Protein chains: 2
Amino acid sequence: MTVTSSTMPTKERILGAAEELFARHGFEGASLRQLTAAAGVNLAAVNYHFGSKDRLIEEVFRRRLDQLNGRRLAALQKIAGDPDTTIEDVLGAFIVPALELSHDGNGSLFMRVLARAFAEHDDTLRKFLSENYGHVMRQFTAEFGRLLPRLSKEELYWRVDLVTGALTHAMSGFGMIQRKSDVPEHRHREQTAEHLIRFAAAGLKSP
Amino acid sequence: MTVTSSTMPTKERILGAAEELFARHGFEGASLRQLTAAAGVNLAAVNYHFGSKDRLIEEVFRRRLDQLNGRRLAALQKIAGDPDTTIEDVLGAFIVPALELSHDGNGSLFMRVLARAFAEHDDTLRKFLSENYGHVMRQFTAEFGRLLPRLSKEELYWRVDLVTGALTHAMSGFGMIQRKSDVPEHRHREQTAEHLIRFAAAGLKSP
DNA sequence: GGCGAAATCAAACGATCGTTTGAGGATACG
DNA sequence: CGTATCCTCAAACGATCGTTTGATTTCGCC
């Protein structure tokens, strides 16, 4: 199951095992001893390479979020402000990069880690996420606002928040997003994106 | 902040403090020593009254979910099968009882506990929830299916799942559902219910 | 008032937690 | 070859975890 091969450098082996165990057992539930055992490295390696468990948690987020939000913003830049752009386009820019995560390594597990971060009301973690990646949500919200001009600011925040909840829930794999064996991976991803976009667009545009 | 007064019996004081600390720090993050200290009872009282920490967690769920899902099902029975019933009515039967929870005690914190349970992929806890309360979601899904007959079973499950995600996210208070000081509590609850119902209905009915 | 069950208490149990230490091995460079 | 730097390792640190024990107090009831 683990994607941490013995040929990888120690740091990445730790990050891979951490992502998997944090997704499976939570940040407090996964111990450094389980984690280093799964990664096949010495217990002290975590504190040597990352300084502490908390910094390791941050690094798990940074590695994926830099890539994920980079792609999201790149996709948004291409369409933002364009008069032909639809709500569905903006939702696609937000959703598709997240679904693509499930491609490389155990990136799909990361969405579960992200869902846990939402559930944790830990201030340190929330502050870290808000400071480093809050601007992404702000840019997407601004573009939604441009496309839904008759919504009050309050209404807009409400709906974006509900969309976030639905997508986080769905993409972290609680739902029944199970690919059937006769459907190729990329086609399944397209269908998933269509489902999510159609649902979210209807909610955003609701009268 | 705690609703555990010194006049309450020990068992309920523990349950109240547990609900608050589980919401704030998670099931693994909240220790029995913090918990019993907050409740003002002896450390051994948890194991005496509940047997173990895991059984205490289950009892926290049981206490609220019996009440919450009882009201949900009662509201659903009144309208299920009726030809005049709308999607909005069914959503109201699901949502309003949850919003009413925030009235008694620290019931609002329980929605955060519930959100954590979704994030935990712990098998024991999921099995407990599924066995004891799975029939509620099944009945609501059946009624949605009756009102959306042209949806395939797969489509229906998809949308109900997305609605669940949005509502769990919103009701556990991640969002900006902050009552303004000039709005009375009951009016704020009505407005919140309207927001949630309108959004979810649009998503369910999307073409 | 006295007896037995129920409840509370301080204290300790072994296990596990994140972190630190200091010695030893690997590696690159003069 | 020697040495300086990066890395790994087994072992131990003190703290905290859930749970158990056995004595003590509280309470209902004859």
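Computed from a predicted model, the values in this text were never measured in an experiment. Heavy-atom basis, side chains included; hydrogens, waters and symmetry copies ignored. Reminder, nothing fancy here: chain letters follow the sequence lines and each chain counts from 1.
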When every nucleotide of nucleotides 14-29 of chain D is labelled 5' to 3' by its protein contacts under 4.0 Å (heavy atoms), B for base, S for sugar-phosphate only, - for none, what sequence of letters results?
---BBBBB--------

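Ring pair A/Trp158/B/His195 is parallel by interplanar angle, where below 30° counts as parallel and above 60° as perpendicular.
A/Arg63 and A/Glu12 are not joined by a salt bridge, as no carboxylate oxygen comes within less than 4.0 angstrom of a charged side-chain nitrogen. A salt bridge does not link B/Glu58 with B/Arg55: every distance from a Lys NZ or Arg NE/NH1/NH2 to an Asp or Glu carboxylate oxygen is 4.0 Å or more. Between B/Glu100 and B/Arg71, at least one side-chain nitrogen of the basic residue sits less than 4.0 Å from a carboxylate oxygen of the acidic one, meeting the salt-bridge criterion.
Atom CG of B/Asn42 is separated from atom P of C/dT8 by 9 Å (rounded to the nearest Å). For the pair B/Lys11 NZ and C/dT8 C1', the interatomic distance rounds to 16 Å; values are reported in whole Å.
Judged as a salt bridge (Lys or Arg N to Asp or Glu O under 4.0 Å), the pairs with a partner in residues 193-205 of chain A (not counting sequence neighbours) are, in order, A/Glu88-A/Lys205, A/Arg198-B/Glu155.
For B/Thr85 and B/Arg146, the side-chain atoms include no donor-acceptor pair closer than 3.5 Å.
To the nearest 0.5 Å, atom CD1 of residue A/Ile95 and atom CE of residue A/Met171 are 6.0 Å apart.
Distances shorter than 4.0 Å separate some side-chain N or O of A/Thr10 from OP1 or OP2 on D/dT8. Distances shown here put every side-chain N or O of B/His49 at or beyond 4.0 Å from the OP1 or OP2 atom of C/dA6.
Listed for the A/Ser130 side chain is no donor-acceptor partner under 3.5 Å among the backbone atoms of A/Arg126.
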DNA chain D base-pair string [pairs: Watson-Crick or G-U under 3.5 Å; |: paired with another strand]
|||||..|||||||||||||||||||||||

